[in-house]
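Each chain gets a letter, A, B and so on, in the order its sequence line appears, and its residues count up from 1.
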Amino acid sequence: MQLSGIDEEKGRVRVWLGKEYKLFDFHPYFYIHVQKEGGIEDLLRDQENILNIEPQRKRLFGKELEVYKVTFEDQKSMNSCKRELSDNEIFEEDIPLTRRFLVDNKLVPYGDVSLEKGEIRTEKERSGRELKLFAFDIETHTRNIIDSKKDPIIAISIATSGGRKDVIISKDEKEIIEKFVSAFNEEDPDVVLTYNGDSFDFPYLVERAKKNKISLALGRDGSAVNARRGGVRDTYTIAGRDTVDLYRIVERDLQEVKVKTLDNVAEYLGVMRREDRVLLENDELFELWEKGEIKKIEEYTIDDVISTLEIGKKLLPMQIELCRLVKQFLTDCSRMGRGRQVESYLMYKAAERNELIPPRRYVQSEHMYEGGYVMEPERGLFENVVVLDFASMYPNIMIAYNISPDTYVEGGDEEHCYISPSKHAFLKQPDGFFRQILKELIEERKRLKKSAKSSVDALRQQTIKILTNSFYGYTGWGGARWHKLECAEATAAWGRYTIKKVIEEARKRGIEVIYSDTDSLFCVEKGDMRSFAEEMNSQLPLELEMRERYKRIFFAGKKRYAGLQDDGSIVVRGLEVRRGDWCELAKKLQEEVINTILREGDVEKARNMVIEAIDRVKSGKAGVEELTIYKSITRSIDSYETAQAHVAALKRAMDEQQDIEFSNKIGYVVLEGKGKISDRTKISSTLSDKDRIDKDYYIENQIIPVALRILEHFGITKEELLGKKQQNLEKWFSSQG
DNA sequence: ACGGGTAATGC
DNA sequence: GCATTACC
């Protein structure tokens, strides 16, 4: 039987086991530390619905603590007791009951479970049964600004892993929603997929169902879709099933995709090419509907829903492994930040080790601390450069020096403690909570990497890496239950100490180190670099590895370089090519310049490319797509202190009631005119024939800076690129002799 | 709502 | 000089 959903009921939980619900008595509990005289009986005398009181010895941040485990009939009784006894130290009262049930019974989401004498337990972590996926996407009748109170749904498209593809389209909204509900229940999915469903499809559907007096009964128990209150947006849940908003995963995990629209992400993941699909703007959709051209709308919405389903197929395997690893439901895990995922795992492990789970709180970080060491590179071109780096440097430092929230001691001595270069002390004995866990995880990862039997093992190995690499940041985060800034400070300090030590040792051996960032060093190749790494490894509790070798590499500053690797591939870091806030034309040009310099060493050719690009802009041949600059909106529009170009553009568009595609990324162009740039920006999708692009802006502020970033190091000047001054340019490489 | 370090633009 | 963004 496959475990695929747990829901809460009064005093019990309902577990969906593939075919049916099973009910288990399960009651909430918390731990309380009693300091007052009179003891626990006195304290709890007036409290109602207590089922059990049990003394226990627990640990909290390394200290032994006597607590009582108090079990209540139901959540309500526990909450009221918690409020009344808020002067006391109460722990673990904020763990949701369903999560508690999962953890206490050591269940694994989507694992195979068995029942024995009323007990449930996981038999196999991975069930052989395929999950049934169901993706949907809604279209609405919207002219300008979307309004769920007014604009009806005109179509809902559906795609399932079983191969069903449908568009429910009608002028009768009630009929659409009813057909949708019955189609949904026919399919009886395990996982419901949307792209931005938490912000759009679900709230809209709920609102319209309410308007039409239809119950959105999608739950396995017949219950309606539920909106769980969240900070920025709600999480929509369905009893007995998981919901996944793929947009939230993409936002968190696909940093390399700059504009995260459904079509862009589908293209990036190789699911559907933009040129192969129907794309409609909101106003076009409106026009088509008005004219009754249904066919095109159907094609469009089916492409959207197929993209959603296929993106889901690509992203879900990793998400499922992650939720299994951290023992969290897919619905929750897929929406959590890295910090909370780490924490979910820690909470699970805490129970195993008799550690109390510290309360959740948010502290404004007490003070800033020093992070990784970044060396200022000499700018320009180098040849035959080898990169050495420490594998998982921070987790390994934490293991090596037993850095953990429970081993930190104020004013610890050298005999009993490891003292960091930042003068923080950590007990040498016993193994800290984090050391135990990190050791386990790294061992497991090594094992999986060695065997690597299946693609699932490969995924599992990757999720372990993601998790272990997040521990350092987690300790430094003010929102962490196990927040301990000293741990983060000490880890970073040992990191700086170690990398500087290695740089020094390299230089002693005549190896030229040209750049270093946190855990890596770039060296001009000299003899056998591997033997140097091995020598370091014999002296350090960490592992220095030879990662890659560049035939040529160009440095434009800290965290900004481009290199040609031995295998012929080009790596670019930090430069404008990698950034979403430069126009495509400039980025493309920089990429070509980099390629030309690194592969051919032909500065003159690169220069001519720039001149050509300038000509293209001058003659008006460059398209709007190539000139659009994307920037994020990071807060409410009114709370901006300065008039940013993209914010100003958005404000103007909103004032004019123009329809704008949902997105926190604003794509804009700069138009002709005088004064501030922010006064003459316009959202690309609202451009009309009358609008004149500011060619000078694009030449002066996009093309020239991006080109000079590279070419100024090869003797090229701005005047030369603009054709103002002819220079008899020698090829840079020959002048270098 | 994982960390700090860094460069860059535009007001 | 500061606010803002996006990168490593």
Rounded distance in Å - [atom1] ([X]) to [atom2] ([N]):
{"X": "A/D389", "N": "C/dC8", "atom1": "CG", "atom2": "P", "result": "15 Å"}
{"X": "A/E576", "N": "C/dC8", "atom1": "CD", "atom2": "P", "result": "12 Å"}
{"X": "A/N664", "N": "C/dA6", "atom1": "CG", "atom2": "C1'", "result": "13 Å"}
{"X": "A/I633", "N": "C/dA6", "atom1": "CD1", "atom2": "C1'", "result": "15 Å"}
{"X": "A/K558", "N": "C/dC8", "atom1": "NZ", "atom2": "C1'", "result": "13 Å"}
{"X": "A/D517", "N": "C/dC8", "atom1": "CG", "atom2": "C1'", "result": "6 Å"}
{"X": "A/Q255", "N": "C/dC7", "atom1": "CD", "atom2": "C1'", "result": "10 Å"}

Hey, which of these two, A/R709 or A/A643, hits DNA chain B nearer its 5' end, going by closest nucleotide?
A/R709

Pick the nucleotide of DNA chain B nearest each of A/E370 and A/G339; which residue has the one closer to the 5' end?
A/G339

If the condition is side chain to side chain contact (heavy atoms under 4.5 Å, CB included), which residues does A/R507 pass it with, not counting sequence neighbours?
A/M375, A/I503, A/V513

With sequence neighbours left out, what residues match A/E352 under side chain to side chain contact (heavy atoms under 4.5 Å, CB included)?
A/K106, A/Y348, A/K349

Outermost contacting nts on DNA chain B, any atom under 4.0 Å from chain A heavy atoms, listed 5' then 3', are B/dA1 to B/dC11

Whether [X] contacts [N] is assessed here as follows: a side-chain N or O lying under 4.0 Å from the phosphate OP1 or OP2. Is that the case?
{"X": "A/S632", "N": "C/dA6", "result": "yes"}
{"X": "A/Y640", "N": "C/dT5", "result": "yes"}
{"X": "A/K258", "N": "C/dC7", "result": "yes"}

Salt bridge (Lys or Arg N to Asp or Glu O under 4.0 Å) involving A/R361 - partner list, sequence neighbours excluded
none

Listed in order of residue number, which residues of residues 577-590 of chain A have a non-hydrogen atom at under 4.0 Å from DNA chain C?
A/R578, A/R579, A/G580, A/D581

When A/W482 is tested against each of A/F433, A/Y474, A/Y408, A/F434 for ring pair (Phe, Tyr, Trp, His ring centres under 6.0 Å), which residue passes?
A/F433

Under 4.0 Å between any heavy atoms, over every strand shown, what does [X] touch: base, sugar-phosphate, or nothing? Just pick one.
{"X": "A/R496", "result": "nothing"}
{"X": "A/G574", "result": "sugar-phosphate"}
{"X": "A/Y394", "result": "nothing"}
{"X": "A/V374", "result": "sugar-phosphate"}

Please work out which of the three classes, parallel, tilted or perpendicular, describes the rings of A/Y472 and A/Y369, given edges at 30° and 60°.
perpendicular

Specify whether A/Y668 and A/H646 have parallel, tilted or perpendicular ring planes, treating 30° as the upper limit for parallel and 60° as the lower limit for perpendicular.
parallel

Do A/F555 and A/Y515 have ring centroids that are under 6.0 Å from one another?
yes

Are A/S632 and A/K665 linked by a side-chain donor-acceptor pair shorter than 3.5 Å?
yes

So does A/K558 pair up with A/D517, basic N to acidic O under 4.0 Å?
no

When you look at CZ of A/F61, are more than 12 heavy atoms from neighbouring residues, nucleotides or ligands closer to it than 6.0 Å?
yes

May I ask you to check whether over 12 heavy atoms, not counting those of A/K551, lie within 6.0 Å of atom NZ?
yes

Taking the six-membered ring of A/F329 (Phe, Tyr or Trp), confirm whether the NZ or CZ of A/R99 is under 6.0 Å from its centre and within 45° of its axis.
no

Go through residues 465-479 of chain A and report each residue with a non-hydrogen atom lying under 4.0 Å from DNA chain B, sorted by number.
A/S470, A/Y472, A/G473, A/Y474, A/G476, A/W477

